[in-house]
Amino acid sequence: MLDLKFIRENSELVKQAIANKNEKADIDKLLELDEQRRKIIVEAEELKAKRNKVSSQIPQLKKAGEDVSGVLAEMKTVSDTISELDDKLRKVDEQLNDILLYIPNIPHNTVPVGKTPEDNVIVREWIPDGFSFDDDRKFSDHIELGKKLSILDFERGAKISGSGFPLYTGKGATLERALINFMLDVHINKHKYSEVFPPFLVNKESMIGTGQLPKMAEDMYHIEKDDLYPIPTAEVPITNMHRDEVLNEKDLPISYVGYSACFRREAGSYGKEARGFLRVHQFNKVEMVKIVKPETSYDELEKIVSDAEDILQALKIPYRVLLLCTGDLSFSAAKCYDIETWSPAEKKWLEVSSCSNFEDFQARRAKIRFKKEGGKKPGLVHTLNGSGLATSRLMVSLLENYQTIDGKIVVPDVLQKYTGFQIIE
RNA sequence: GGAGAGGUGGCAGAGUGGUUGAAUGCGGCGGUCUUGAAAACCGUUAAGGAUGCAAGUCCUUCCGGGGUUCGAAUCCCUGCCUCUCCGCCA
């Protein structure tokens, strides 16, 4: 959420930013409501001041034996008028909020302006020793490998739940678990994040806090009976840990890492893109979340990206880092880097991580503040998060890159102590 | 799921219709005292909003939402959460 005052004072800038993000919002309507709102408040507050004053005098008048019936009648009218104004205010506030909650964050000035993914900027590329894009071996894709080695069973996953719900079996299941544990350990021990294991169902307030609702409702699962949402990412529960809290400046930055299953409806995505692991309704992800002071958030963003890259370098999987353009930037983000790994069978880059700085956009929605040293007013924190990493597409790159000529999978060195085996055959 | 109890400031804990934004204690901050520290004593200690150049003034907030009343932390309804007992259960 943007600051209403900021929008009032920078309406043209906000309009431009929204257009750059390929989004829409009726800023003029918002400003009109804002004006109405303030007018009503002034009117109502004058009456409330009067009511408070007179009400406190009534006991004294009674004590003095005076007749207060006239005053009571007058105050009744005043109170009725106040109720009317409060009702009016509530309605205006609701409309105002409806618009505010749909206004996206403003891109940072280092974000390239662009419309489509083609306008994203490749920041860097990393390949392990001995790797070549021109390798002319015949690469099996992850679906063939999964089937042949009995480690992935998409058919049965679809039978149990539906398409897009992958089933790992045998050494595939072990490998998945190894990957998650390896990533968690690196972030906890090497990068010094504190570990959390969050709930997978959250309430509406949490979904609004991080910006998934109301805008992205169609992409979320919703359990109607209990009004709970299966999380699309651990970002939601972890960032919302500190919703409605005032933190101490000395406790910042806070860095959390946690594993969760992630649930996404992916409404409207069908076809080839959805094959196997490429687009699924449930996947596993290790997520990093940071809550920081505003002045450090862009340094912290670079750190999150490098922490995520560290995993891929340890796994020796080719990847590249993209700086997303304004048009490809998500609703809540001010700046975002994507990390993509190479799939030699698809001959494509696959998104395995997204690292974003939300500045105070989520903090304002979720009311996450911090008390500055020296007793100044609490200010909004900046929040960030990054996948470190999502396993499903990473598994695609891992299986494909580590396959041998005779169709086996060599387990990456760093994972072997987690799997307990060196090869899948 | 059934039966009770309760949710008050950073924390603990008073307060059952009228100067209560809220006693008291602890903690925090500032000061006096001290070579320094402790103790003691004194003072101070919420957030959000409207308005204003500012100082300030005003409004709101005692879990959330409605209601009764001239007036609500206090009464009524409702939602959420916590605790105790019972039942069920990985």
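For the numbers below, each heavy atom of this structure counts, side chains included, while hydrogens, waters and symmetry mates do not. The sequence lines fix the lettering, A, B, ..., with proteins before strands; numbering per chain opens at 1.
- Rounded to a whole Å, the CD1 atom of A/I368 is 17 Å from the C1' atom of B/G48.
- Nucleic acid contact for A/V42: sugar-phosphate only, since backbone atoms but no base atoms lie under 4.0 Å from a heavy atom of the residue.
- In this structure, of B/A46, B/G71, B/A50, it is B/A46 that holds the atom nearest to the side chain of A/K371.
- A centroid separation of less than 6.0 Å is found between the aromatic rings of A/F277 and A/Y168.
- As rounded to the nearest Å, B/A72 and B/C59 have P atoms that lie 13 Å from one another.
- The same atom, C1', is picked in B/G25 and in B/A90; the two are 45 Å apart, to the nearest Å.
- Among B/U60, B/G18, B/G66, the nucleotide with an atom closest to any side-chain atom of A/R90 is B/G66.
- Under the Watson-Crick and G-U wobble criteria, each requiring two contacts below 3.5 Å, nucleotide B/U60 is paired to B/A47.
- No close placement of the A/H281 and A/F263 rings is indicated, their centers lying 6.0 Å or farther apart.
- With B/A50, B/G71, B/G18 as the candidates, the nucleotide lying closest to the side chain of A/R51 is B/G71.
- Nearest-nucleotide positions on RNA chain B for A/V71 and A/R38 put A/R38 closer to the 5' end.
- Rounded to whole angstrom, the span from the CG atom of A/D227 across to the P atom of B/C81 amounts to 11 Å.
- Side-chain atoms of A/R393 never come within 3.5 Å of backbone atoms of A/V352 as a donor-acceptor pair (strictly under, hydrogens ignored).
- The environment of A/R38 atom CZ is dense: over 12 non-hydrogen atoms of other residues, nucleotides or ligands sit within 6.0 angstrom.
- The partner of B/A55, taking Watson-Crick or G-U wobble pairs whose two distances both stay under 3.5 Å, does not exist in any strand shown.
- For the pair A/K204 NZ and B/C81 P, the computed distance is 15 Å after rounding to whole Å.
- Rounded to whole Å, the C1' atom of B/G7 lies 16 Å from the corresponding atom of B/G65.
- Between the C1' atoms of B/C58 and B/U68, the separation comes to 27 Å (whole Å).
- A donor N or O paired with an acceptor N or O is found under 3.5 Å between the base of B/G49 and the side-chain atoms of A/E45.
- For the P atoms, the distance linking B/U44 with B/U24 amounts to 11 Å, nearest Å.
- Here A/E245 does not pair with A/K367 in a salt bridge; the nearest charged N to carboxylate O distance is not below 4.0 Å.
- Taking the six-membered ring wherever Trp is involved, the centroid distance between the rings of A/H108 and A/Y298 falls below 6.0 Å.
- Nearest-nucleotide mapping onto RNA chain B: of A/A44 and A/S79, the residue sitting toward the 5' end is A/A44.
- Among the atoms of the strands shown, none is found under 4.0 Å from any heavy atom of A/S56.
- What separates CD of A/E249 from P of B/G28 is a distance of 19 Å, to the nearest Å.
- Phosphate proximity of B/G48 to A/R369: present, with a side-chain N or O under 4.0 Å from OP1 or OP2.
- As rounded to whole Å, 15 Å separates atom P of B/U60 from atom CZ of A/R37.
- Taking atom C1' on both B/C70 and B/C63, the two are 28 Å apart, rounded to the nearest angstrom.
- For the P atoms, the distance from B/U82 to B/C42 is 42 Å, rounded to whole Å.
- Straight-line distance between the C1' atoms of B/G9 and B/A46: roughly 6 Å, to the nearest whole Å.
- Both distances falling under 3.5 Å, in either a Watson-Crick or a G-U wobble arrangement, place B/U32 opposite B/A40.
- B/G87 is unpaired under the criterion used here, namely a Watson-Crick or G-U wobble arrangement in which both key atom distances are under 3.5 Å.
- Nearest nucleotide to the side chain of A/S55, out of B/G71, B/G49, B/G48: B/G71.
- Within the 4.0 Å cut-off from OP1 or OP2 of B/C59, at least one side-chain nitrogen or oxygen of A/N52 is found.
- With rounding to whole Å, A/E205 atom CD is found 12 Å from B/G65 atom P.
- With a cut-off of 3.5 Å on both pairing distances, B/U74 has no Watson-Crick or G-U wobble partner at all.
- Within the 4.0 angstrom heavy-atom criterion, only backbone atoms of the sugar-phosphate kind lie near A/I41; the bases stay farther away.
- A straight line from CD1 of A/I82 to P of B/U69 spans 14 Å, rounded to a whole angstrom.
- OP1 or OP2 of B/C80 has not a single side-chain nitrogen or oxygen of A/N203 nearer than 4.0 Å.
- Here B/C59 presents its C1' atom at 15 Å from CD1 of A/I40, a figure rounded to the nearest Å.
- Under the Watson-Crick or G-U wobble criterion, with both distances below 3.5 Å, B/G10 is paired with B/C26.
- A/K293 forms no cation-pi arrangement with A/F370, by the criterion of a distance under 6.0 Å to the ring centre and an angle within 45° of the ring axis.
- Using a 4.0 Å cut-off between charged nitrogen and carboxylate oxygen, A/K88 and A/E43 do not count as a salt-bridge pair.
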